[in-house]
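What follows is one structure encoded as structure tokens, with my remarks underneath.
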There are 2 protein chains.
Amino acid sequence: ASAGVAVTNLNLKPGHCVEIKGSIPPDCKGFAVNLGEDASNFLLHFNARFDLHGDVNKIVCNSKEADAWGSEQREEVFPFQQGAEVMVCFEYQTQKIIIKFSSGDQFSFPVRKVLPSIPFLSLEGLAFKSITTE
Amino acid sequence: ASAGVAVTNLNLKPGHCVEIKGSIPPDCKGFAVNLGEDASNFLLHFNARFDLHGDVNKIVCNSKEADAWGSEQREEVFPFQQGAEVMVCFEYQTQKIIIKFSSGDQFSFPVRKVLPSIPFLSLEGLAFKSITTE
């Protein structure tokens with residue numbers, strides 16, 4: 001996916017969330033939101049796959065340390081459509097990250113390496129609209 | 001000022017604007033919003049000075065090329081208060097950047113080095129709330 005917006009010094013502290021708004025390209029095979037320390041170390045790689053790596057309409061989450069992927073977690077919910085807008089909130093809770101959708105669905109992903117705050121965020125394959133922290 | 005949020009791959013095209021929302025620390029001496037190519041090359045260094053470098057309640061704008069500052073442009077309007085929220089829109093119009101305030105005031109700053117789109121944005125001394133592109 002095309003390298004999208006990247007944010008450093010985000011300083012997302014436990015108990016706070018970051019909301020991403022973007023638009024999904026009509027021909028999007030998949031998009032991702034990454035949260036972590038930098039491009040090589042993700043607490044969360046949130047990857048929505050329309051048709052990618054053999055997955056169809058599947059959310060696959062993982063962590064990455066020094067460019068080494070962890071074990072994947074696959075989700076049932078898939079509230080996305082190609083060509084549509086997307087809004088997702090990521091709440092950092094030290095032991096886990098809770099992913100909340102505008103549809104009301106949510107799930108969590110375990111934090112495998114605790115950080116005092118999350119400094120880095122990047123988007124892949126998603127046209128950026130806004131990033132908001134609460 | 002403390003290094004704040006930095007955004008790369010912003011891809012702000014002519015005719016589009018980026019809106020920054022943040023909160024000004026109560027003891028803030030000054031804050032800045034930078035738009036350009038990277039940390040060394042700004043099309044616009046927008047610096048609101050409460051009490052900084054001999055300026056009191058003064059907006060000072062400038063450009064920077066390879067870490068060399070251009071000539072400053074000082075503004076009359078100063079719609080900011082320490083400890084309050086701030087919302088400012090920056091509209092890129094190839095020849096100039098128009099700075100618009102929620103108060104309705106606005107002014108422009110000349111673009112001294114035209115870019116097809118603006119990839120980099122950073123904040124200094126401002127607690128980040130949101131970045132939105134339209």
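To find a chain, count down the sequence lines: A is the first, B the second, and so on, and within it residues start at 1.
With sequence neighbours excluded, the residues forming a ring-ring contact (aromatic ring centres under 6.0 Å, His included) with A:Phe107 are A:Phe101, listed by chain and number. Scanning for ring-ring contact (aromatic ring centres under 6.0 Å, His included) contacts around A:Phe128 gives an empty result, with sequence neighbours left out. Partners of A:Phe120 by ring-ring contact (aromatic ring centres under 6.0 Å, His included), not counting sequence neighbours: none found.
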Which atom pairs, one donor and one acceptor, sit under 3.5 Å between chain A and chain B?
from	atom 1	to	atom 2	distance (Å)
A:Gly4	O	B:Asn9	ND2	2.8
A:Ala6	N	B:Thr8	O	3.1
A:Ala6	O	B:Thr8	N	2.8
A:Thr8	N	B:Ala6	O	2.8
A:Thr8	O	B:Ala6	N	3.0
A:Asn9	ND2	B:Gly4	O	2.8
A:Phe128	O	B:Thr133	OG1	3.4
A:Lys129	O	B:Thr133	N	2.8
A:Lys129	O	B:Thr133	OG1	3.3
A:Ile131	N	B:Ile131	O	2.9
A:Ile131	O	B:Ile131	N	2.9
A:Thr133	N	B:Lys129	O	2.8
A:Thr133	OG1	B:Phe128	O	3.3
A:Thr133	OG1	B:Lys129	O	3.3

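Both B:Leu44 and B:Phe31 sit in one connected hydrophobic cluster of ILVMFWY residues. Membership requires side-chain heavy atoms under 4.5 Å apart, directly or through other members. B:Leu115 and B:Phe90 fall within a single hydrophobic cluster, where Ile, Leu, Val, Met, Phe, Trp and Tyr are joined by side-chain heavy atoms under 4.5 Å apart, directly or via other members. Put simply, B:Phe109 and B:Val77 are part of the same group of oily side chains (I, L, V, M, F, W, Y) that touch within less than 4.5 Å, one to the next.
The minimum heavy-atom distance linking B:Val5 with A:Leu10 is given by the pair CG2-CA, 4.2 Å.
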